[in-house]
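Following: one structure in C-alpha cells, then a few remarks.
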Amino acid sequence: MQPRSYSGCSMAHADPDTPPFRYSAALAQDIEMRWQQYWDANHSFDAPNPAGPLADPVAMIDPATGQSRPKLFVLDMFPYPSGTGLHVGHPLGYIGTDVFSRYKRMAGFNVCYTMGFDAFGLPAEQYAVQTGQHPAITTASNVANMRRQLKRLGLSHDPRRSIDTTDPGYYRWTQWIFLQIFNSWYDADAPAREGIREPGAKGRARPISELIAEFEAGSRPTPDGRAWATLTAGEQRSVVDAHRLAYVSEAPVNWCPGLGTVVANEEVTADGRSDRGNFPVFKRNMRQWMMRITTYADRLIDDLDLLDWTDAIKTMQRNWIGRSDGARVRFASAAGDIEVFTNRPDTLFGATFMVLAPEHPLVDSLTTPEHAEAVAAYRAAAAAKKDIDRQDATRTKTGVYTGATATNPVNGAQVPVWIADYVLMGYGTGAIMAVPCGDARDFEFARQFGLPIPAIQQPPQPWFDAHGIEATLDTGTWPEPFVGDAPYVQSSNSSGLTLDGLSSVAEGKRLTNAWLEAHDAGHGNTNFKLRDWLFSRQRYWGEPFPIVYDEHGPIAIPDADLPVLLPETDSFSPRTFDPDDEFSNPESPLDRLDWWTEVELDLGNGAHAYRRDTNVMPQWAGSCWYELRYLDPTNEKAFVDPAVEEYWMGPQDVGVDGRPHPGGVDLYVGGVEHAVLHLLYSRFWHKVLYDLGHVSSLEPYYRLYNQGMILAAAFKDEREIYVEATEVEEHEGAFSFHGEPVTREWGKMGKSLKNAVSPDEMYDAYGADTLRLYEMSTGPMDASRPWETRDVVGMYRFLQRLWRNIVDEQTGELALGAPADEATVRLLHRTIDGVRADLDGLRINTAISKLIELNNHITKGGRCPSDLAEPITLMIAPLCPHLAEELWAKLGHADTLIREPFPVADPQLLIEDTIELPVQVNGKFRSKIAVASDADDATVEAVALADAKVIAALAGAVPKKVIVVPGRTVNIVA
RNA sequence: GCCCGAGUGGCGGAAUGGCAGACGCGGAGGACUCAAAAUCCUUUGUACGAGAGUACGUGUGGGUUCGAGUCCCACCUCGGGCACCA
C-alpha cells in the first residue's frame, strides 16, 4: 500500500463558509504532521538507560525534584508486519499503552515504551510466496508501511529501541540464547538462586559444562554405571546430549503436509488441524529439535501466583500444563509389571480391571492366543483412526479383552486386562487401572462390557436424593459413578492399609501412597499434560539453528561466529504436499542449498567438514525474549546489559498479595489469543535465563492486561459469501448490498470478512487525535466492542468544541475568557482528581467522559476561562497529544508538554460547602435536601423530616427509624 | 460435560451496597442556509397523564439488607477456553 497524500482530501476545505481555523480534519492533519516531526527531531520520547550505549544519567533525574525518576516499562505485544497493513482494530491496545505512557511521563516517570516487529514466520513467508518476492523484501516494505501507520497515530515510542526479529543484529542473540539453552541441563536437586524463589527451593538450569565436570570427576554416575573415561567419545556425547534443555530426538510429532513442516502441540487446534492454514495434522515419529519445557512445568504453574494477570489467563496456562497429583502403581502380570498413573490412588480397592492403550508395548506379550485375532483387529482399527476421532468423548466406548489378568497390589485380586482406544498412549503410562464406581469413563466401559462395579465409598444421602434412588451400595441402581469425599468401604487389606472409616480423599491418597512405597508397588507421582516443545520447522523464513553436525550429533557454533546468517536464495518456497498426504516427508528449503549446508570449520580441534542444521526456529523464538532487547537494543557485547535489565525489569519491593515480586515488565498489553503459546514459551526462556544468571527477574511480564477486540459488522449474501461491508446499505433495520438483501453478523475485523476499516480513512476524515479518542471512549480497554464509523463524529465534535473554547476560529489566535468562577474551579479540580484516578486504573473511557463534562460546562459559558486552559490542555495531552501540543504552544510555551507535570487536584477544592442529599422513604426516593457537608446526622435527619415532599410521602406515618449515610443518603423507615 | 467471563435504553456504554442510564451515537424539534451538508441549541428509558406527577424498569426466580444493577442461591442465554488427560 502506498502512503496516501494528506493534502486536498479534507471535507472542510470544500466549503468556503467554514471558519478558516475550525478544528477540521485538514487542520488536525496539519497539526499532527507538524508535531510528529517535532517529536522526531527533538528525540522527545528517548528514555535514558542507567548504563550501556543508551546511558544518560542526567536525563534520569527529574529536575522538579532533583531525584531519580521512577521507572516504568510499558510493553505491547508486537505485531506481525502483514502485507495488508493495519486496520483500526489493531491499535486499540497501542493507543491505550500510549495514553498510559504519556500520562505516566507527565507524572514524573522514566517510561520505556517502544515497538518492534515479529517478522519471521509463516505469515510473512506465505505473503512472500504469494507475491513471488523474497520475504526479506516484502517484510521490509510491510514493516515500513506499518511504521508509517503507527507513527501517524502519534504513538510515543522511543524510536532508537525499535527492533525487528529478522535483523541479524537481533537474531544473533536469539541464536545465542538458543545456545545457552542447548548448553544447559536441568538439575532438579540444585538449590535455587537466592532471592525471589522461596528459601530452600530446588531445581535450576545449570551450564552443561558443570555436568560434564561432574561426570569426569566421578561425582555423578553415568546412566549405565560405567566409568566416564571408559566411554567412547560418541557415548559421552550421547549421555551429555540426553541432558540438554534443547535436544534432538526421534519422537511422535505433529506433521502438517499442507504447511510442509512440523508444528508444536500448541499450534494444533482441538480438531486436529493447524491453527495456521487449518490443514490436517498427523502424528508421526520424526527426528526433531525439542525444548525440555516440561522440566519447568511445576515452576511455570507455581509462579503464576506471583503475577498480576487475570485469573482467566492463569487458568488457561494451568489447564494447558495440566498438573495432576497422584501415584504410579505397578500391577504384576505374566508379561511383567504394568505401570499405571492414577490421580486417585485411594480408589485402588475399586480397581476391577485394567485398560491399556492399543499401542501399549505390553499388549503383544499379554494377549492370549484365543484373543489374538480380536486384539489385532482392534489395534488395526485404532491405528487407522485419526487422533481427533479417537478423542471424541461422546462416542460409545469400545475395547477388547486380551485374555490376560494382572494383580491388584492392594488386595491381590486378579483383574482382567483390556485394551481400548479411550486410553491414550501419550499421557501417563498409556495404561490405566479402571475404577468404575468412581470414574465416568470406567463406569461407562464397565456397563458396556458387563464388568463388575463394586462400591468403595458410601455416597452421602443428598447424592442419592438428587438421583431419586434409595441409598445403597448396589451400584446397579446408580445412574453415574460417585466422585468426591465420602467414607470408604471395602477399602482395607491385611497388610496395613486401612481406609475404611476415613472420608477424606486427600488423606486416603496420602495413606495409599505411603503404603505403595513401603510395599514397593508404586509411589506418589505428579503427571503433566504439557509435552516438550517441538522447536524446529522445515521452512525458510526463520532463524537458522547455530548448529552443525559431526558423526556423533549436534555441535554448537561458537558464540564468536554468531549470527549464523539465513542464506540468500531465490528458492525460499517450502515444499508443501497434498494436505492429506500423511506419509509425505518434510523437506527444508535450506536442505537444498549444498553450498551452505556443507561447511568446513575449526571448532578447536582443527578444520573439519560439518553439515549445518537445515531447520529454522519456530515463529515464537523471536518473541520469547524481545522485551529484553528493547532495553538495550544496540548492545553488541550482550543481549542486554545486566544493569539495564535490573533497572527496568528487576524485582520491586512487594508483589501480588504481599508475595515476593518476581520482576518483569510493569504493564504488558495484548490479546488473549497468546494466553498459552507466546506467554508460556517466553516465561520458559526467561526462567532459563534467570537460572543461568543472565537476568535478575524471575518472570518476563509482571502485569498482563488483555485488551478486547474490535469487532465489525460483516455481511453475507444469500450464497453465504461475504460482501464488501462499506457498500452495504441499511434501511429500516434491513441490510442490502447493491439491492440484494444481506444478513449481518459481528466478527473480527479483517480481510476475510471484508469489513476492515483502515486507520488512513480515519486520518483523512477526522485526524489521528479523534481516532485515538474514539477508540478509547467506546468502552473499557479489556472489553471487545463493535466498530461504528458513524459514532466517530462524537469525539470529533468534542475536540472541535474544546478547540473553539480556546482558539478563535476566524483568526486562529488564542481567545480565552475571564478567570473561572468558584463552581467551575471546583469542577476542574474534581475532574483532575477523577481523570488521574481513571488513567491510573486504565479506565480511559471514563476519563474521557469526565473531560467532556468539564468541556461541556465551559461551553455553556462561551470561552474557556483563562485559568482553565492550561490544566485542560495538560489533561487532554495523553489522549490527544497533537492537539494538546498545539494548544500548549498557543498558550505561550516554547517547549513540549511531554514532561510537563500532570495537574494535581487541590484537596480543599474537592470538599463542597453544601451538598445535596437524596432522601428515601421506605427505600423509595422521594426528595432532595441541601445540607452543610459537615452537618451531623441529627441535623441531616431534622432537615429531611422537615422536607415537604417527605412529609407528604409519610402521609402522617411516624418514622420508626431514620438511617443517615453521611454524604450519601437518608432513608426514613416508617 | 468441565472451567472462566458477561447479560443495563434503539446502539456503544456509566454507576466505592445509596438519585439507574454519566459520556457518546442515533431519534425528535429548532437556529444558521435559497437549499443541503457541516456546526450550534433544546429534547430523548417505558407506560399513563394536558401538567405537576404517578407507576414500572438493569436476563429469570428466590434470598440477605433500612436500601441491590452491585452481595448470596438456583436457573436461562450469549461469548471464550479445555475436553475420553486416568
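A, B, ... follow the sequence lines: proteins, then strands. Residue 1 opens every chain.
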Among [options], which is the nearest nucleotide to the side chain of [X]?
{"X": "A:Trp320", "options": "B:C82, B:G26, B:G13", "result": "B:C82"}
{"X": "A:Arg797", "options": "B:G13, B:C25, B:G67", "result": "B:C25"}
{"X": "A:Ser849", "options": "B:C41, B:G13, B:C23", "result": "B:C23"}
{"X": "A:Arg22", "options": "B:G24, B:G18, B:U39", "result": "B:U39"}
{"X": "A:Ile432", "options": "B:C23, B:G67, B:A86", "result": "B:A86"}

Mind checking if [X] touches a base, just sugar-phosphate, or nothing, with heavy atoms under 4.0 Å?
{"X": "A:Asn971", "answer": "base"}
{"X": "A:Asn856", "answer": "sugar-phosphate"}
{"X": "A:Val793", "answer": "sugar-phosphate"}
{"X": "A:Thr310", "answer": "nothing"}
{"X": "A:Leu424", "answer": "base"}
{"X": "A:Glu853", "answer": "sugar-phosphate"}
{"X": "A:Asn922", "answer": "nothing"}
{"X": "A:Arg804", "answer": "sugar-phosphate"}
{"X": "A:Val973", "answer": "sugar-phosphate"}

No-H, no-angle donor-acceptor pair, A:Arg968 side chain to B:U16 base, under 3.5 Å: yes

Does any donor-acceptor pair link the side chain of A:Lys850 with the base of B:C23 at a separation under 3.5 Å? no

When A:Val423 and A:Thr846 are each assigned the nearest nucleotide of RNA chain B, the 5'-most assignment goes to A:Thr846

RNA chain B nearest-nucleotide lookup for A:Phe925 and A:Pro786: closer to the 5′ end is A:Pro786

What is the distance from [atom1] of [X] to [atom2] of [N], rounded to the nearest Å?
{"X": "A:Asp275", "N": "B:G81", "atom1": "CG", "atom2": "C1'", "value": "15 Å"}
{"X": "A:Arg790", "N": "B:G12", "atom1": "CZ", "atom2": "P", "value": "11 Å"}
{"X": "A:Ile844", "N": "B:A14", "atom1": "CD1", "atom2": "C1'", "value": "16 Å"}
{"X": "A:Lys529", "N": "B:A86", "atom1": "NZ", "atom2": "C1'", "value": "12 Å"}
{"X": "A:Ile848", "N": "B:G24", "atom1": "CD1", "atom2": "P", "value": "12 Å"}
{"X": "A:Gln800", "N": "B:U39", "atom1": "CD", "atom2": "P", "value": "6 Å"}
{"X": "A:Lys509", "N": "B:A86", "atom1": "NZ", "atom2": "C1'", "value": "12 Å"}
{"X": "A:Leu711", "N": "B:G13", "atom1": "CG", "atom2": "C1'", "value": "15 Å"}

If we call it a pair only when both distances are under 3.5 Å in a Watson-Crick or G-U wobble match, what pairs with [N]?
{"N": "B:G45", "value": "B:C56"}
{"N": "B:C34", "value": "none"}
{"N": "B:A15", "value": "none"}
{"N": "B:A6", "value": "B:U77"}

Can B:G81 be described as syn, meaning its chi torsion is within 90° of 0, or is it anti? anti

[M] and [N], which share atom name [atom1], separated by this distance in whole Å:
{"N": "B:A22", "M": "B:G10", "atom1": "P", "value": "14 Å"}
{"N": "B:A15", "M": "B:U8", "atom1": "P", "value": "15 Å"}
{"N": "B:C11", "M": "B:A50", "atom1": "P", "value": "29 Å"}
{"N": "B:C4", "M": "B:C71", "atom1": "P", "value": "16 Å"}
{"N": "B:A52", "M": "B:U58", "atom1": "C1'", "value": "28 Å"}
{"N": "B:C56", "M": "B:U64", "atom1": "C1'", "value": "24 Å"}
{"N": "B:U43", "M": "B:C34", "atom1": "P", "value": "28 Å"}
{"N": "B:C25", "M": "B:C40", "atom1": "P", "value": "9 Å"}

Report the C-alpha separation of A:Val505 and A:Arg344 in whole Å, then their side-chain angles, then the decisive distance to 0.1 Å, and conclude whether the side-chain contact (heavy atoms from CB on, under 4.5 Å) test is met. CA-CA 8 Å; A:Val505 168; A:Arg344 289 293 301 278; 3.6 Å; yes

[X] versus [Y]: any side-chain heavy-atom pair under 4.5 Å?
{"X": "A:Gln457", "Y": "A:Val483", "result": "no"}
{"X": "A:Asn254", "Y": "A:Lys283", "result": "yes"}
{"X": "A:Thr811", "Y": "A:Phe21", "result": "no"}

Measure centre to centre between the rings of A:Trp463 and A:Trp478, then say whether the value is under 6.0 Å. yes

Could you tell me if the ring centre of A:Trp787 sits under 6.0 Å from that of A:Tyr774? yes

Below the 4.0 Å mark, does B:G18 have OP1 or OP2 next to a side-chain nitrogen or oxygen of A:Arg926? no

Check whether A:Tyr427 forms a cation-pi arrangement with A:Lys529 (NZ or CZ under 6.0 Å from the six-membered ring centre, at most 45° off the ring normal). no

One should read off an interatomic distance between A:Leu679 CG and A:Leu300 CG, to the nearest 0.5 angstrom, of 11.5 Å

